[in-house]
Structure formats: structure tokens, C-alpha cells
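Fair warning: this is a prediction, and the values are worked out from it, not measured in the lab.
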Amino acid sequence: MLYRTSFTTAMNEQDIIFGGEKHLYQAIKEIVRKHNPPAVFVYQTCVPAMIGDDLEAVCRAAAKKVGRPVIPINAPGFVGSKNLGNKLAGEALLDYVIGTEEPEETTPYDINIIGEYNLSGELWQVNPLLDELGIRILACISGDARYHQIACSHRARVAMMVCSKA
């Protein structure tokens with residue numbers, strides 16, 4: 001259930017005055033040490049964005065140290081609407097994740113589903129039906145996807161959009 005877990009650096013006044021980059025770097029190392037995720041996604045929030053923390057630099061340094069992808073998502077709340085946040089997150093996936101790994105196998109019927117958030121378990125109901133038809137969901141972005149699925153999603157034969165706002 002780690003993919004449903006979020007962590008925070010809980011910035012304090014010192015971080016706001018002097019910057020939170022060191023605090024973030026330490027938090028990333030601790031998360032990897034304690035939980036061993038395949039990748040770490042770091043979401044820029046309003047305060048670090050306003051004080052000018054260099055999220056990309058911290059993520060590059062942390063990735064080098066922990067030996068796995070640390071992906072920056074520059075979408076602080078003040079930049080715009082939820083739709084813009086989705087767009088920025090999608091662009092980060094294109095820049096840092098999609099195409100970085102290969103699937104063990106491909107089929108002529110591999111698809112990606114984009115914008116299915118599986119809020120009420122809809123994907124879990126649709127997936128068995130697609131399986132019966134011989135259609136494999138390579139990645140569901142965002143839904144219940146795992147890092148490896150998204151990293152391999154460039155090999156899908158077709159992408160299907162569920163939510164046009166996504």
C-alpha cells in the first residue's frame with residue numbers, strides 16, 4: 001500500500017528562512033532507507049516554490065545518492081487549476097519516467113488508460129472484462145499504476161482517454 005502513502009518534510013520557520021533543500025534531501029534518503037520504493041515522486045508545494053528551493057537539483061542529487069529515480073513534479077497550488085496540475089504532472093512523467101524501462105513482453109493488444117483515477121474501483125471491474133477480450137492494460141495513468149508500468153507505457157499500441165480534463 002506504499003503507493004497510496006504520502007510523506008511531508010513538515011517545513012518549519014528555519015526551512016522557510018534558510019531554504020528547505022537539505023531537509024528535503026534527508027527526507028528522500030530516509031524514505032528510501034525505510035520503504036525501498038522503486039522511485040520517489042517529489043511534489044513542489046507553494047512554500048518551497050515561493051522561497052525558490054531548487055527541486056530539480058535536490059532530486060538529481062538524491063537520485064544519485066539513493067540509486068533510483070527521484071522525480072520532481074513542479075505543480076505548486078498557486079500555478080493554476082487542477083487541470084494545469086494534471087498537465088504538469090503528465091509532463092513530468094513524459095520527461096522523467098515514460099520510456100525509461102522496457103516491459104518483459106508486449107502484445108498486439110496492449111493499451112494505456114489515461115485519466116482513470118479508480119476512485120470507486122471502476123478499473124478493477126473493467127480490467128477482468130478487458131482480460132477476457134485479450135486486451136492488456138499496460139499502464140493506467142494515474143489510477144493504480146506502478147512505476148514500472150508507467151516507465152514501460154511507451155510500448156502500448158493505443159492510449160485511451162477516460163477523463164478529457166486529464
task: Could you list all the side-chain hydrogen bond (donor to acceptor under 3.5 Å, both in side chains) pairs where at least one residue sits in residues 12-23, not counting sequence neighbours?
output: Asp15-His23
message: Per the side-chain hydrogen bond (donor to acceptor under 3.5 Å, both in side chains) rule, what does the pair list look like for residues 32-42, sequence neighbours excluded?
response: Glu30-Lys34, Asn36-Arg68
message: Going by salt bridge (Lys or Arg N to Asp or Glu O under 4.0 Å), name the pairs with one or both residues in residues 125-138, residues two or more places apart or in two chains.
response: Asp110-Arg136
- prompt: Applying salt bridge (Lys or Arg N to Asp or Glu O under 4.0 Å), which residue pairs with at least one partner in residues 146-155 are found, sequence neighbours left out?
  reply: Glu102-Arg155
State, yes or no, whether a side-chain contact exists between [X] and [Y] at a heavy-atom distance under 4.5 Å.
{"X": "Val158", "Y": "Tyr109", "answer": "no"}
{"X": "Ile137", "Y": "Asn127", "answer": "yes"}
{"X": "Pro72", "Y": "Tyr96", "answer": "yes"}
{"X": "Met160", "Y": "Ile135", "answer": "no"}

Same cluster or not: [X] versus [Y], using hydrophobic residues (I, L, V, M, F, W, Y) connected whenever any side-chain heavy atoms lie under 4.5 Å apart?
{"X": "Leu133", "Y": "Val126", "answer": "yes"}
{"X": "Ile71", "Y": "Leu94", "answer": "yes"}
{"X": "Met11", "Y": "Ile31", "answer": "no"}

Separation between [atom1] of [X] and [atom2] of [Y], rounded to the nearest 0.5 Å:
{"X": "Met50", "Y": "Ile16", "atom1": "CE", "atom2": "CD1", "answer": "8.0 Å"}
{"X": "Asn86", "Y": "Ile141", "atom1": "CG", "atom2": "CD1", "answer": "12.0 Å"}
{"X": "Cys46", "Y": "Ile51", "atom1": "SG", "atom2": "CD1", "answer": "12.0 Å"}

For the residue pair [X] and [Y], what are the closest heavy atoms and their distance?
{"X": "Pro48", "Y": "Gln44", "value": "CB-OE1, 3.1 Å"}
{"X": "Ser153", "Y": "Ala139", "value": "CB-CB, 3.7 Å"}
{"X": "Tyr147", "Y": "Pro38", "value": "CB-CG, 4.1 Å"}
{"X": "Cys152", "Y": "Pro103", "value": "SG-N, 3.3 Å"}

field: Asp53 side chain vs Gly20 backbone, donor-acceptor pair below 3.5 Å
entry: yes
- prompt: Under the side-chain contact (heavy atoms from CB on, under 4.5 Å) test, which residues partner Ala75, sequence neighbours left out?
  reply: Ile73, Leu88
- request: Applying side-chain contact (heavy atoms from CB on, under 4.5 Å), run through Ile111 and Leu130 and close with a yes or a no.
  value: CA-CA 10 Å; Ile111 67 170; Leu130 293 174; 4.2 Å; yes
- request: Have a look at Ile150 and tell me which of Leu138, Asn112, Ile98 forms a side chain to side chain contact (heavy atoms under 4.5 Å, CB included) with it.
  value: Ile98
- prompt: Who else is in Tyr25's hydrophobic cluster (ILVMFWY, side-chain heavy atoms under 4.5 Å, direct or via others)?
  reply: Leu24, Ile28, Val32, Val40, Val42, Leu55, Val58, Val66, Val70
